Amino acid sequence: LPKLQVGTGVRRQSDVSKSGGAWQDVYLLADLIAAYELSEAATIRLNVSNMFEKKYLRTVEYGAIYVPPHRSITLEYKL
């Protein structure tokens with residue numbers, strides 16, 4: 001499949017805490033991107049952030065704000 005592109009990414013965060021407040025243990029996230037060229041002008045892409053739906057805090061500075069997993073499919077067309 002020469003028109004298929006696949007990529008992955010890994011992000012790691014050390015444990016963080018706020019004195020007298022929220023605590024976030026160390027976590028590891030995996031991301032995925034896949035793209036397929038339908039024609040010279042059209043490409044379809046799949047992006048998945050936090051592939052394994054790990055529950056983690058965006059920040060502990062202003063309270064516990066959880067980040068949901070994100071998935072998107074896009075179609076790019078060049079005129």
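Computed from a predicted structure; not experimentally measured.
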Rounded to the nearest 0.5 Å, how far does CD of Glu40 lie from CD of Glu37?
7.0 Å

Walk me through whether Val48 and Ile33 qualify under side-chain contact (heavy atoms from CB on, under 4.5 Å).
CA-CA 6 Å; Val48 179; Ile33 182 172; over 6 Å; no

Just do the side-chain contact (heavy atoms from CB on, under 4.5 Å) check on Leu29 and Val10 with the steps written out, would you?
CA-CA 6 Å; Leu29 302 176; Val10 176; over 6 Å; no

Closest heavy-atom contact between Ser14 and Arg12?
OG-NH1, 3.2 Å

Would you mind reporting whether Ile44 and Ile73 have side-chain heavy atoms less than 4.5 Å apart?
yes

Atom CG in Asn50, atom CG in Leu28: separation rounded to 0.5 Å?
10.0 Å

Gap between atom CG of Leu46 and atom CG of Leu32 - 0.5 Å precision
6.0 Å

Can you see which heavy atom on Arg71 is nearest to which on Ser49, and at what distance?
NH1-O, 3.3 Å

Separation between CD (Glu76) and OG1 (Thr43), nearest 0.5 Å, reads 5.5 Å

To the nearest 0.5 Å, tell me how far Gln13 CD sits from Tyr27 OH.
4.5 Å

Given side chains that start at C-beta, do those of Asp31 and Arg11 come closer than 4.5 Å, heavy atoms only?
yes

Would you sort out whether Leu75 and Leu38 count as a side-chain contact (heavy atoms from CB on, under 4.5 Å), showing the intermediate values?
CA-CA 10 Å; Leu75 175 63; Leu38 301 170; 3.9 Å; yes

